[in-house]
Every structure is written in structure tokens, then in C-alpha cells.
Q: 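Submitted below is the structure of interest, expressed as C-alpha cells.
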2 protein chains.
Amino acid sequence: MKPTVHDIAARAGVSLATVDRVLNGRPGVRAPTREKVEAAVAELGFVRDVAAANLAKSRVYTFAFIIPANDNSFMIGLRGELEAVRRWAAQDRISIQLIDVPAFDAEALASALDAVRAEQMDGVAFVAIDHPLVREALERLTESGLAAVTVVSDLMNSSRAHYAGIDNLAAGRTAATLLGRFLGRRDGPILPVAGSLQVQDHRERLEGFQSVLQDQFPERVLLPVVEGGDDPVRVEALVSQAAADHPELAGIYSFGAGNRGLIRALAAFPQGRHPVTIAHELTSVTRAALLAGHIDAVLNQDAGHEVRSAIRVLKAKADGAGVVVAQERIRIDIFLKENLP
Amino acid sequence: MKPTVHDIAARAGVSLATVDRVLNGRPGVRAPTREKVEAAVAELGFVRDVAAANLAKSRVYTFAFIIPANDNSFMIGLRGELEAVRRWAAQDRISIQLIDVPAFDAEALASALDAVRAEQMDGVAFVAIDHPLVREALERLTESGLAAVTVVSDLMNSSRAHYAGIDNLAAGRTAATLLGRFLGRRDGPILPVAGSLQVQDHRERLEGFQSVLQDQFPERVLLPVVEGGDDPVRVEALVSQAAADHPELAGIYSFGAGNRGLIRALAAFPQGRHPVTIAHELTSVTRAALLAGHIDAVLNQDAGHEVRSAIRVLKAKADGAGVVVAQERIRIDIFLKENLP
DNA sequence: GAGGATTTGAGGTACGTAAATCAGAATTTT
DNA sequence: AAAATTCTGATTTACGTACCTCAAATCCTC
């Protein structure tokens with residue numbers, strides 16, 4: 001049925017050992033012989049049985065996940081998914097090491113990357129911070145042959161093999177469309193609430209949001225962005241303040257964490273007069289707010305999908321195999337009260 | 001590291017052969033011995049290396065996909081995904097047989113199921129039709145030990161192991177919320193366009209749509225549902241007729257196929273006066289219409305995800321393994337112009 | 001406790017590939 | 001042409017599990 005190395009050897013008129021040398025790029029084969037083998041491989045359509053190969057090699061894939069020690073719901077959820085996938089992956093000889101780094105600390109992230117490189121693992125997934133130190137560490141990493149994948153936050157124009165996360169520009173644009181259309185003819189300004197504009201993702205979301213708003217809803221007033229630092233207390237204070245300053249406040253786009261504070265501020269609005277609100281990341285907090293009607297839509301990235309995608313891609317790279325592209329695209333999930341999972 | 005059958009044998013104080021008999025449920029082991037082995041398995045946390053086992057068995061998983069010979073874009077897309085996954089699955093010793101049946105033909109589906117049963121495959125995925133003949137055939141199937149999975153359309157309260165598809169009730173509810181909110185204060189009735197109310201999925205979508213509309217937008221007039229039979233020509237005629245009958249037509253919810261005709265009818269509306277429209281399934285047609293602004297939102301089920309999910313579940317059942325539940329939930333994707341993939 | 005039946009042990013082969021050794025052949029260098 | 005070097009073949013072992021055979025041990029029944 002499916003051709004094996006034995007078939008290749010017979011077809012090419014060489015021995016098993018030679019086939020092995022060619023297939024695994026080992027030295028000691030002259031060019032003409034190598035070509036004979038390669039021709040046989042092509043003719044028979046041989047594909048290595050990865051399972052059997054791994055068995056023979058007793059291969060264990062070792063991947064590292066570098067995750068910021070952030071305590072917001074999203075990161076906690078991501079850790080949970082990682083833990084769940086870990087057990088599942090063990091059945092495929094995949095061992096996943098979790099490495100914590102301080103949040104927003106480019107230096108720590110860079111040295112974590114260097115540490116992984118020293119350990120000779122098969123691949124790394126990490127939440128990127130766009131900083132020269134990180135970029136340099138990443139280049140060193142990929143140059144030593146490690147596959148690297150960014151998760152949640154990307155590092156564009158770098159040597160990472162893949163990005164398992166959403167298009168934040170598109171997310172911002174989507175939020176603007178939804179918010180603009182939900183508002184309809186209702187007057188009043190919109191308040192954008194960021195976590196921190198230091199964070200690339202948040203900047204992109206804001207940019208997408210602004211561009212669609214200017215384009216499609218030019219008459220709508222966009223208040224200056226406030227930064228809540230992903231901190232519920234600060235977010236609550238900022239939103240309450242904005243509500244006091246702008247009694248006609250019609251919409252809120254919250255694209256950082258700390259939504260617990262946002263909800264508290266929203267609950268203070270008189271029934272039926274609260275601003276149309278769109279937030280990011282489906283957590284227990286935003287889910288409850290969605291059901292209660294405090295929030296109108298939640299844009300979400302599926303952390304579980306991101307983790308599994310990162311691992312699939314790392315494994316494919318380690319095997320030199322391809323990936324199902326569509327399967328690895330992380331969608332911008334839009335959740336309304338009606339389509340909650 | 002990971003315990004092997006040898007470790008189990010040593011731990012239980014029995015021979016390899018006995019361990020093998022226990023693990024594979026072969027006869028010839030007394031209860032006390034069996035228990036010793038099982039205890040050792042539990043203590044050491046032994047999990048069979050499926051890859052090695054399959055290698056030894058030269059096992060090939062054979063699954064059948066029974067797909068209605070429907071020529072709408074969605075089904076064509078599903079076939080495409082199946083074809084793509086087929087090559088990919090071959091690497092995992094999974095062989096997928098595609099079986100065509102006439103669309104909407106319960107009898108044909110039932111006998112296809114019976115045929116699969118006769119062939120002793122490992123599992124079946126099929127697009128269900130709720131009909132006694134189908135239900136009976138399914139029961140026969142699962143009773144002979146085959147795993148069965150429904151795709152796209154479910155068969156509730158049956159012995160299918162899994163349903164790889166969306167919650168159509170929730171989809172209808174989601175559409176109603178979006179449509180209602182997009183319309184805002186704009187007056188005018190809404191036209192629901194079904195494929196056929198004979199189809200369970202369409203009935204469910206309509207039901208969800210109606211319930212939310214009555215609940216949250218009670219003043220909105222819902223026109224009687226029209227059935228386009230998933231046929232572009234008929235859909236176009238029906239929508240054009242409705243537009244003529246109701247010049248104030250404000251919204252359309254199209255939850256069947258044949259959207260090519262819907263788009264044609266929409267293009268006839270004066271610029272800026274066309275009804276807010278929500279359709280199902282992201283195809284080249286609906287994608288173009290979304291970009292052109294003829295359609296306002298598309299609800300989608302990811303056919304590729306459904307196919308892969310069905311296969312993963314079938315394989316897990318065949319191995320007696322578990323599944324990552326969250327990974328197998330098919331989402332209701334909401335696409336706006338801004339978050340198109 | 002003899003007879004038969006059942007249970008268990010020991011060992012082997014197989015799956016498809018990796019990786020190693022060693023001998024012999026071919027090629028290149030001197 | 002001899003020596004050194006490089007290439008190739010033949011063979012073996014291993015990975016973890018399945019499955020087979022044959023013999024030995026244990027059980028049960030009368």
C-alpha cells in the first residue's frame with residue numbers, strides 16, 4: 001500500500017542504509033546516488049511515517065511557553081488552557097514547559113528567550129513585546145534553528161514562524177462598526193478605554209476603531225482615549241468621571257482588561273440610559289455583564305484555540321511538515337447575549 | 001520515563017502476555033490476575049502509546065462521510081474541506097470515504113447508513129435528516145459498535161456520539177438581535193427568507209429569530225416567511241415581490257441558501273435604501289455582497305472546522321480516548337465587512 | 001488424585017523507521 | 001600502483017505495542 005523505506009531502497013537499487021542517509025540528510029552519499037534515491041521517493045510518493053519515526057527515535061518534542069505573569073482573567077484563562085492542553089499533548093510525546101516572566105518587561109522576556117535557546121528545545125511560543133532586546137533575542141533563537149511562534153501579541157517583520165492571535169486592527173474596526181450601528185441615531189460621544197497605549201495590541205485596536213469611525217460615522221464625537229492600566233479600580237474611576245463630564249455619553253469601547261471596573265461604572269447608569277458598550281475578551285465578568293445587558297457585545301480571541309494552534313504549528317515545524325492554514329487562523333469572535341457558548 | 005507494558009508486567013508480577021490479554025480484553029485471565037494488572041496500570045498511570053499500537057496493528061481508521069448531493073456553495077465548500085482534510089488525515093492512517101446521497105432523501109440516507117454498517121468501518125459522519133427511517137438506521141449502526149457523528153444538521157435524542165454543527169436556534173436569535181439593533185428606529189417590516197421549512201435547521205433558525213424579535217423588538221412587523229427552496233431564481237423572485245408589496249421593507253433575514261438571487265434582488269434597491277440584510281454562510285457570493293455593502297452581516301458555520309472536528313471525534317471514539325470539549329464546539333461566526341478572514 | 005480444562009509464562013515476529021557497526025567497493029590522492 | 005579516503009551495502013538492534021505459538025503451571029470436577 002503506502003510505500004516504505006524498503007520500497008524506496010528496492011526502487012532506487014540501493015540499500016536501506018543509503019536511503020536512510022539520504023532521508024535524514026546524513027553525509028556519505030555521492031550526488032548521483034542521492035538523486036537516485038530522491039527520484040524513487042518522488043516516483044513512489046513516499047512520505048515518512050512520522051509516528052514510526054518518532055517511535056524509533058524515542059523522540060519527545062519539547063516546547064516552551066513564555067507567558068507574562070499577568071493576573072487578568074484572560075491570562076489566567078490562557079494558563080488554564082495551556083494546562084489542559086498539556087495533558088492532552090503528552091499523549092503525542094509533546095512536553096510543554098511553562099515559563100513565567102514579569103509582565104511588560106522586555107528585558108526579562110529577552111533573557112527568557114535566551115535561556116530557552118541554551119536549553120536546546122524544539123520550539124518556543126511567547127507573548128511578544130515589541131522591543132529591540134526581544135527582537136534580537138528572537139533572531140538569535142531562530143538562527144540556532146529553533147521554531148518560534150508568537151501568541152496573542154505579534155512581532156511583525158521578525159523571524160517568528162507564525163502568529164497565533166487576532167488581527168487587532170480588524171478587531172478595532174469591527175468594534176467601531178458594531179458600536180456605530182448599534183447606536184443608530186442616538187446622539188452622544190464615544191469613550192475609548194485602553195489598558196495602556198504602550199501595548200502594541202491596544203494601539204492597533206484604537207487605530208482600527210478610529211479609522212472606521214471617521215470613515216463611516218464622521219459626525220460621531222470620539223472622546224480622548226483613557227488608559228485604565230488593566231486595573232479595575234482605575235477603569236471604574238475613569239469611566240465614572242467620563243460619565244459625569246459627558247452626561248450624553250452614548251458609547252464605550254473598552255479594549256483593555258480590568259472590565260470588572262467598567263461593569264461597576266456601567267451599573268451606576270440609570271436603567272435604559274447606559275451607553276452602548278463593547279468590550280474585549282469573554283471572561284466570567286464580561287459574560288455575566290453580557291447576560292445582564294450591561295454590555296452589548298464582546299470581541300473575543302479564543303485562548304484555547306491560540307494555544308492549540310501554537311503547538312500544532314511548532315510540531316509541524318519540528319517535523320518539517322505543513323499546516324492547515326485555515327485551521328490556524330484565529331478568528332475575532334463576536335459574542336452577543338444570544339450566541340454565548 | 002513513561003511506563004510501558006513491560007513496566008506493568010513487572011509491577012503486577014505477571015508476564016507480558018498476560019498484560020496484553022488484559023489490556024486488549026482477550027480471554028484467558030482469571031479475575032484476580034486481571035485485577036493485579038489493572039491495579040498496576042492505575043498505579044503507574046500507564047497510557048497505551050496509540051502510535052506504537054497502531055503501528056503494530058497496521059491499523060487504518062476507515063471513516064465514511066455521507067454528504068447530500070446538494071450543489072449550493074456551502075455544500076460545495078464542505079466537500080472541498082473534506083477533500084483537503086483527506087490528504088492531511090492520510091498521514092494519520094485515516095482513510096475517509098465520501099458517500100453521496102440525494103438531498104432531502106431520508107430513505108436514501110437510511111440505506112447509505114445501512115451500507116456503511118455492512119462494510120464494518122470505524123465510524124460515520126453524516127448530515128442528518130430527522131426521519132424515522134434515518135433514526136432506525138442510526139440505531140442499528142451504533143448497536144453494531146460503530147461511532148456516528150452528525151454534521152451540520154443534528155438528530156437529537158439519538159445515539160449519535162457527537163454533533164459537529166451550530167446551534168441553529170441560537171443562530172436565529174443572534175440574527176434577530178443584530179437585525180433589530182442595526183435597524184434602530186428605522187421603520188418597516190422584516191422579511192424572513194427560508195430555504196425550506198421542511199428542513200429542521202431552517203425551522204430552528206426561524207423559531208429563534210421570531211422569539212427574540214417578539215421579545216426585544218415587539219413593535220417590529222415580521223412578514224410571513226417565504227421559502228426559496230435554496231434556489232437563486234426563486235429567491236430573487238420572492239424578495240423582489242416582497243419589495244414591491246412592501247416599499248418600506250426594512251430588513252431581511254435569509255437563512256437558507258440561494259443567496260445569489262437575494263443579492264441580485266438587493267442590488268435593485270435604490271442606493272442607501274436597501275433593507276438591512278443578514279444571511280447565512282460565508283461563500284464567495286456573500287463575501288462579495290458584504291464587501292459591496294449589499295449585506296450587513298453573515299452568520300457562518302466553519303465547514304472546515306466541522307469536518308475536522310467530526311474526524312477528531314470519530315478517531316477519539318475509535319481509540320476509546322477523550323476529546324477536548326471546547327475544541328469541538330462549533331461557533332456561530334458573525335462576519336461583518338470589517339472582520340472578514 | 002487423575003483427568004481435563006483453563007490460565008499463565010516465555011519467547012518470538014511484526015509494524016516502519018532510526019541509527020549504529022563493519023566490511024567491502026569505489027574513488028581519489030600520492 | 002599503492003595508499004588513503006570516501007562511499008555503499010548488509011546486518012543488527014531498538015522504539016512500544018499487538019498477536020501468535022507452545023509449553024508449563026494451576027485450576028476444577030468427579
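Here is how names work: the chains are called A, B, and so on, in the same order as the sequence lines, proteins then strands, and each is numbered from 1. Everything quoted here is computed from the prediction, not taken from an experiment.
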Q: Please give the angle, rounded to 10 degrees, between the axes at the start and the end of the helix from dG4(C)-dC27(D) to dT30(C)-dA1(D), where five pairs define each axis.
A: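 About 30° separates the two local helix axes.
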
Q: How would you summarise protein contacts on nucleotides 24-30 of chain D per nucleotide, using B for base, S for sugar-phosphate only and - for none, with heavy-atom distances below 4.0 Å?
A: ---S---

Q: Taking atom CD of Glu107(B) as the centre, report whether more than 12 heavy atoms of other residues, nucleotides or ligands fall under 6.0 Å from it.
A: no

Q: Taking CG from Leu44(A) and P from dT17(C), how many angstroms apart are they, rounded to a whole number?
A: 12 Å

Q: Suppose we screen for side chain to side chain donor-acceptor pair (under 3.5 Å). Which residues come up paired with Arg331(B), at least two apart in sequence or across chains?
A: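 If we apply the side chain to side chain donor-acceptor pair (under 3.5 Å) test to Arg331(B), skipping adjacent residues, the hits are Asp302(A), Asp333(A).
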
Q: With sequence neighbours left out, what residues match Lys315(B) under salt bridge (charged side-chain N to carboxylate O under 4.0 Å, His left out)?
A: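 Salt bridge (charged side-chain N to carboxylate O under 4.0 Å, His left out) list for Lys315(B), sorted by chain: Asp319(B).
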
Q: Using the salt bridge (charged side-chain N to carboxylate O under 4.0 Å, His left out) criterion, which residues pair with Asp49(A)? Sequence neighbours excluded.
A: Arg93(B)

Q: Could I get the full list of side chain to side chain donor-acceptor pair (under 3.5 Å) partners for Thr283(B), not counting sequence neighbours?
A: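 Here the qualifying residues are Thr286(B).
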
Q: With sequence neighbours left out, write down each residue that passes salt bridge (charged side-chain N to carboxylate O under 4.0 Å, His left out) with Arg329(A), or none if nothing qualifies.
A: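 By the salt bridge (charged side-chain N to carboxylate O under 4.0 Å, His left out) rule, Arg329(A) matches no residue at all.
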
Q: Quickly work out the Asp7(A) CG to dT17(C) C1' distance and round it to whole Å.
A: 13 Å

Q: Any N/O pairs under 3.5 Å between the protein and nucleotides 15-20 of chain D? List them or say none.
A:
unit_1, atom_1, unit_2, atom_2, d
dC15(D), O2, Leu55(A), O, 3.3
dC15(D), O2, Ala56(A), N, 3.0
dG16(D), N2, Ala52(B), O, 3.2
dT17(D), OP1, Asp49(B), N, 3.2
dT17(D), OP2, Val5(B), N, 2.8
dA18(D), OP1, Asn24(B), OD1, 3.4
dA18(D), OP1, Arg48(B), NH1, 2.1
dA18(D), OP2, Asn24(B), ND2, 3.3
dA18(D), OP2, Arg48(B), NH1, 3.4
dC19(D), OP2, Arg26(B), NH1, 2.8
dC19(D), OP2, Arg26(B), NH2, 3.2

Q: Who are the side chain to side chain donor-acceptor pair (under 3.5 Å) partners of Glu328(B), not counting sequence neighbours?
A: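 By the side chain to side chain donor-acceptor pair (under 3.5 Å) rule, Glu328(B) matches Ser309(B), Arg312(B).
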
Q: When you check the phosphate oxygens OP1 and OP2 of dG9(C), does a side-chain N or O of Thr18(B) lie under 4.0 Å from one of them?
A: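 Thr18(B) to dG9(C) OP1/OP2: side-chain N or O found under 4.0 Å.
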
Q: Show every side-chain hydrogen bond (donor to acceptor under 3.5 Å, both in side chains) that has at least one partner inside residues 26-42 of chain B, sequence neighbours left out.
A: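 Non-adjacent pairs meeting side-chain hydrogen bond (donor to acceptor under 3.5 Å, both in side chains): Asp20(B)-Arg26(B).
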
Q: Taking side chain to side chain donor-acceptor pair (under 3.5 Å) as the test, write out the residues that go with Glu119(A), two or more places apart.
A: none

Q: Scan residues 154-166 of chain A for pairs that pass salt bridge (Lys or Arg N to Asp or Glu O under 4.0 Å), counting only residues two or more places apart or in two chains.
A: Asp154(A)-Arg160(A)

